[in-house]
Amino acid sequence: MKANISLPIEDERVMSSLKIGDYVFLNGTIITARDQAHKRILEYQKQNKDLPESLKKINGSALYHCGPIIKCEDNTYRFISGGPTTSQRMDKMENDVIRLLGIKFVIGKGGMNSLNTKNNKVVYLSYTGGCGAIVQERIEYIENVIWKDLGLCEAIWFLKVKEFGPLIITQANGKNLYK
Amino acid sequence: MEEKGFEKLERTIENLLVKMIIRVTTNIPPDVLKAIRKAKMQETSELAKTQFELILDNFEYGCKNKVPICQDTGVLNFFIRIGNLFPIISNYRKIINKAVIRATEIIPLRGNSVHPLTNQNPENNIGLNYPPIYLDIVDGSENLKIDILAKGGGAENISKLFMLNPSNGLKEFPQKVIEVIKNASGMPCPPIILGIGIGGDATKCMLLAKKALLRPLNEKNSDRDIAKLEEKLLNKINSLNIGPMGLGGNTTCLGVNIEIAMRHPASYPVGMIVQCYCHRLSSIEISKRGEIINES
């Protein structure tokens, strides 16, 4: 099955219809977050600090394990290339981060060991590693960026995407497609 | 007069390096392209085919639009082989740093140099002991040969050093390699390319493993026994059914290249360096007058 999905997810029935092996294309705003962004989100929680407003609004959307190449020119940002990074490095932190932000999809490569996909509260989508250049075509614009002090590839980029995919559902409902 | 000639040669090398970094990050070598096309033909599962289709589309898009094929433009490894009859230039570090800074801005590249204690990223891909430069002297040559290998983080993280028991020799070695590849599954962006160094010491075997990746995929080791070992390992890895991105399939590895060196009687070191399918490599050979003899 191939599904075009609009973000944020407002109807839980969309989630419950998803199963492993299906293809998905995403539309709407997604965020990038890798090692350092995950660490900082959990530090905020630990210190009882209020998360940035932009992160509170990402409820129902997708988190992309990606450290993109972004060109900064006169205060504007241009998306150059951005395929997925290895998801397992975020393994220990992901369930907490997802709960805090209300994330519905994790996009990455290689899958995760401890991601809790039971009842499709969250679904893992695999995007083909190394395929960064062609993502350019799927990015409408960069909506926002926070935590640039972490470095450009570790910052959280808010990307407006159009038909981002093909993403394969590789982990859903407690099931796993990885060999 | 002499001084001026040197400056000109140095500038020539710097400009060539910029060109090479553009090529290495926005192109894919023909042997890799051929291997990926062949792998696509050999898949029967739709999932694996889709992966190879997207990989080929992305290669095409990146090459055509001069966009980095993968956002992880990697650690740029510089292998420099200087002919002993080539003019003596001692500031390779300076020339390379200048070229890397320029290329980072032009292409652009991702800032991949991070301070290990402070996590500070200067976003220019240079810094303390970075990028890695490996110098060799080649006797009897008047030329300078440079290879640039872009190594992404996902695959490099799977690399390993084994210190084997000399009395067992290579007996346990294939199984050890298979275990590492199996556990890594989709993490290093399979189908991978494997560089292996046998012998030397801990540092030498790792360096040999990395240098083994410079050899084209369709070229076996000239020693028949080593060539057989390469073949055996390749077939074993491809029987694991890890497939592209760990989603299952007939091709998990595009090639195994092994290099060897003499070892200490008490040590049997084996190094393995894992490379992703996006095996980005560029080479050039120039004469002492700065003319290009070969480039790829």
Side-chain angles (χ1 to χ4, degrees), chain A residues 2 20-23 32 34-36 39-40 65-73 78-89 91 108-113 126-138 148-155 165-170 176-179, chain B residues 25-26 46-47 50-73 105 107-112 114 119-123 152-155 157-158 182 184-190 240-249 252 276-278 280:
Chain A
K2 289 185 187 191
I20 58 166
D22 285 351
Y23 293 84
T32 67
R34 52 182 287 161
D35 313 59
Q36 300 301 325
K39 211 174 136 193
R40 185 169 285 180
H65 293 152
C66 170
I69 302 177
I70 306 281
K71 180 83 176 162
C72 305
E73 297 162 313
R78 197 152 51 88
F79 188 95
I80 305 291
S81 183
T85 192
T86 310
S87 296
Q88 280 195 25
R89 292 197 314 276
D91 211 55
K109 71 173 172 85
M112 302 184 90
N113 291 329
S126 162
Y127 184 61
T128 314
C131 294
I134 208 164
V135 175
Q136 223 184 47
E137 282 192 314
R138 310 294 179 160
K148 268 198 301 178
D149 61 299
L150 294 176
L152 290 181
C153 84
E154 301 278 357
L167 306 163
I168 301 164
I169 302 179
T170 51
N176 190 341
L177 210 62
Y178 288 96
K179 304 289 170 188
Chain B
T25 51
T26 63
E46 201 210 314
L47 215 55
T50 323
Q51 298 303 294
F52 283 123
E53 266 162 31
L54 191 62
I55 285 169
L56 288 167
D57 286 350
N58 182 60
F59 282 169
E60 203 187 319
Y61 186 91
C63 296
K64 203 174 113 197
N65 300 296
K66 289 238 179 317
V67 173
I69 307 269
C70 177
Q71 80 292 338
D72 185 356
T73 41
E105 183 66 27
I107 303 171
L109 300 180
R110 196 171 77 179
N112 274 353
V114 179
N119 281 339
Q120 286 299 306
N121 185 341
E123 306 284 354
N157 283 349
I158 311 303
K182 223 169 149 177
S185 181
M187 287 198 285
C189 280
L240 292 174
N241 189 31
I242 291 171
M245 294 302 132
L247 298 170
T252 302
C276 53
Y277 76 80
C278 202
R280 291 152 294 169

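Reminder, nothing fancy here: chain letters follow the sequence lines and each chain counts from 1.
- Heavy-atom pairs under 4.5 Å with chain B peak, among A/T85, A/L150, A/D149, A/I168, at A/I168.
- Contact check for B/E123 versus A/L152: side-chain heavy atoms found under the 4.5 Å cut-off.
- Taking 4.0 Å as the cut-off between side-chain N and carboxylate O, A/K71 and B/E105 count as a salt-bridged pair.
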Audit row: A/K109, A/S126, side-chain hydrogen bond (donor to acceptor under 3.5 Å, both in side chains) steps and yes/no: CA-CA 5 Å; A/K109 71 173 172 85; A/S126 162; over 6 Å; no
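- In this structure a side-chain-to-backbone donor-acceptor pair under 3.5 Å is missing from A/D91 to A/M112.
- Chain A forms more heavy-atom pairs under 4.5 Å with one residue of B/N241, B/N157, B/L54 than with any other, namely B/L54.
- Between chain B and the residues A/Q136, A/E154, A/Q36, the most heavy-atom pairs under 4.5 angstrom are made by A/Q136.
- Between chain A and the residues B/I242, B/L109, B/L247, the largest count of heavy-atom pairs under 4.5 Å involves B/L247.
- Using a 4.5 Å cut-off between heavy atoms, B/F59 does not touch chain A at all.
- The greatest number of non-hydrogen atom pairs below 4.5 Å with chain A, out of B/G111, B/G153, B/P108, B/P122, is found for B/P108.
- Ranked by heavy-atom pairs shorter than 4.5 Å toward chain A, the options B/I69, B/N121, B/L240 are led by B/I69.
- Of all the listed residues (B/C278, B/G248, B/G249), the one sharing the greatest number of non-hydrogen pairs under 4.5 Å with chain A is B/G248.
- Contact of A/T128 with chain B is made through backbone and side chain together, with heavy-atom distances under 4.5 Å.
- Using a distance-only test at 3.5 Å, with no hydrogens or angles considered, a donor-acceptor pair links the side chain of B/S185 to the main chain of A/K179.
- A/P68 and A/F79 get closest at one heavy-atom pair: CB-CE1, 3.8 Å.
- Atoms OG and CG, from A/S81 and B/N58 in turn, are 7.0 Å apart once rounded to the nearest 0.5 Å.
- Contacts of B/Q120 with chain A are absent, with no heavy-atom separation under 4.5 Å from either backbone or side chain.
- With salt bridges taken as basic N to acidic carboxylate O contacts below 4.0 Å, one links B/R110 and B/D72.
- Your options are B/T50, B/V114, B/T26, and the one with the most heavy-atom pairs under 4.5 Å with chain A is B/T50.
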